[in-house]
Amino acid sequence: MFSWLGSDDRRRKDPEVFQTVSEGLKKLYKTKLLPLEEHYRFHEFHSPALEDADFDNKPMVLLVGQYSTGKTTFISYFSSHWKMETRINLRKKKKKSSIKPQFGGDHFKYMYLLEQDFPGMRIGPEPTTDSFIAVMHGQVEGIIPGNALVVDPKKPFRKLNAFGNAFLNRFVCAQLPNAVLESISVIDTPGILSGEKQRISRGYDFAAVLEWFAERVDRIILLFDAHKLDISDEFSEVIKALKNHEDKMRVVLNKADQIETQQLMRVYGALMWSLGKIVNTPEVIRVYIGSFWSHPLLIPDNRKLFEAEEQDLFRDIQSLPRNAALRKLNDLIKRARLAKVHAYIISSLKKEMPSVFGKDNKKKELVNNLAEIYGRIEREHQISPGDFPNLKRMQDQLQAQDFSKFQPLKSKLLEVVDDMLAHDIAQLMVLVRQEETQRPVQMVKGGAFEGTLHGPFGHGYGEGAGEGIDDAEWVVARDKPMYDEIFYTLSPVDGKITGANAKKEMVRSKLPNSVLGKIWKLADIDKDGMLDDEEFALANHLIKVKLEGHELPNELPAHLLPPSKRKVAE
Ligand code: MG
Ligand code: CA
């Protein structure tokens with residue numbers, strides 16, 4: 001157990017005590033966030049209420065890409081490939097596992113399965129998916145249609161009902177016995193074509209469905225074709241709609257073996273440039289370059305690079321089960337922030353409405369001036385502009401609403417959510433860490449998987465982390481919960497905050513840049529230009545040391561090294 005995280009003497013007198021993270025999340029959601037959401041009709045605007053299945057389900061990976069970027073082949077490829085790695089791992093560990101790697105759901109069977117049950121699905125030379133397919137574990141192979149999925153309380157899809165029959169006819173669950181699917185589920189999606197025609201013929205709001213999934217999955221993999229990198233308007237729109245989930249995004253530049261190295265570098269540059277126009281922070285989104293299917297490389301020049309990239313991507317995906325609780329915690333924080341902003345918006349509109357005359361005109365005026373209202377809330381409550389819902393969409397949604405049913409500001413509801421963000425979440429963080437250390441490691445280690453890990457919050461995975469290290473020794477741990485609270489307000493992505501965001505906080509100490517630069521050098525232990533929660537706590541600790549009049553060391557003394565990084569640094 002990580003006792004050094006548990007020794008928070010600033011803890012309130014009556015903290016919520018939870019046995020498991022999942023139980024804690026459910027209870028916090030129902031008792032603290034849901035009342036705020038209901039009061040301000042959050043579900044009609046942004047996202048339906050969460051259900052138990054949303055907190056209990058396996059980690060999910062969502063594959064998104066244009067037509068023929070290799071999404072479907074990617075699934076079958078990585079499931080069969082992963083099984084192989086699992087087998088190697090089991091052999092290396094010389095451990096007999098009760099879960100034997102299974103080879104039932106390989107590439108051909110997977111394709112066969114769909115072909116068989118969905119004639120017409122395979123059009124043209126490449127397999128084409130025109131449905132959302134949730135690929136999940138099941139003892140018996142089979143297909144469950146969308147209409148049945150939305151009434152199954154054990155599956156996390158019930159709220160997809162709202163997207164209507166046109167969507168449900170294009171949504172299925174493919175169940176099959178498969179070792180990979182015992183730990184994760186994968187959502188395959190229809191390929192995105194360019195052109196308006198497709199949008200109309202779909203008959204449902206494609207971007208909205210993707211957003212729904214994005215909110216609930218653990219990883220979003222955007223696939224691009226290096227061989228023909230054209231990003232359609234619709235695909236750009238789709239990526240923009242996922243902007244709140246950049247932390248979950250990974251990019252795969254697929255089919256990179258089909259072009260020469262020089263051309264590949266140009267394509268990579270073009271991809272980053274295009275992404276820069278679509279997402280806020282393309283530089284922090286990891287791009288994996290390779291050829292993600294089981295065919296031989298067309299141009300083998302970059303084989304080594306592709307292999308390394310593939311390993312990184314696999315490592316990232318394999319870390320998902322372990323990080324699932326943290327992901328759910330993060331998403332609850334995101335949701336709570338949006339629910340707060342939403343409450344401010346709705347109550348502001350309510351305040352402006354006349355009680356008797358001229359309601360319709362005032363409503364029009366308010367909708368047209370929504371940008372100003374956003375601005376006012378932003379200033380009054382110091383909310384970052386990025387936390388606001390999309391203006392245009394909010395305006396459209398407001399048109400259909402009866403403003404007289406809106407509720408005025410009820411501070412009590414907001415205080416409860418603030419309290420949840422400030423205290424309960426920190427409590428759950430402790431539990432997340434405990435569960436991580438108590439559970440057997442769920443990811444493949446050893447052999448090809450040695451080396452630096454890139455997964456989010458991956459710093460705890462180093463070989464030997466937690467073995468024979470006295471965690472209680474780290475003096476920074478005592479104050480870490482306090483620093484964590486600040487850390488989570490600094491927009492961490494993958495558990496790390498950018499240098500710019502860290503600087504904003506660090507300059508508040510009023511220490512000169514020369515000193516802060518030195519502190520930075522000591523605190524950014526892995527030298528990746530970002531701070532994770534431990535590095536951030538360390539930075540704050542060093543600031544405190546300096547402010548108390550002590551000299552800073554030139555090199556970080558061993559006792560200040562966070563436990564998770566000790567072995568790695570040796
Ligand atoms: Mg496909
Ligand atoms: Ca760092």
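Whatever order the structure lists ligands and atoms in, that order sets their numbers, starting from 1. FYI, side chains are in, hydrogens and waters are out, and symmetry mates aren't considered; it's all heavy atoms of this structure. Predicted model, so just to flag it, every value in this text is computed and none were measured.
Taking the ring centroids of Phe235 and Phe224, they lie under the 6.0 Å cut-off.
Between His342 and Phe42, the ring-plane angle classifies as perpendicular under the 30° and 60° cut-offs.
Counting just the N/O/S atoms of Asp524, the one with the shortest distance to the Ca ion (ligand 2) is named OD1. Within Asp526, the N, O or S atom lying nearest to the Ca ion (ligand 2) carries the name OD1. Nearest N, O or S atom of Asp528 to the Ca ion (ligand 2): atom OD1. The atom name of the N/O/S atom in Glu535 closest to the Ca ion (ligand 2) is OE1.
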Before you tell me yes or no, could you show the steps for Glu215 and Arg335 under side-chain contact (heavy atoms from CB on, under 4.5 Å), namely the whole-Å CA-CA distance, both residues' side-chain angles and the distance that decides it to 0.1 Å?
CA-CA 9 Å; Glu215 219 178 284; Arg335 191 176 171 108; 3.4 Å; yes

Between Met530 and Asp532, does the side-chain contact (heavy atoms from CB on, under 4.5 Å) criterion hold? Intermediate values first, please.
CA-CA 7 Å; Met530 321 259 284; Asp532 63 24; over 6 Å; no

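Tyr483 and Glu505 share no side-chain donor-acceptor pair at under 3.5 Å.
Taking 3.0 Å as the threshold, Asp532 does not count as a candidate ligand of the Ca ion (ligand 2), since none of its N, O or S atoms lies below it.
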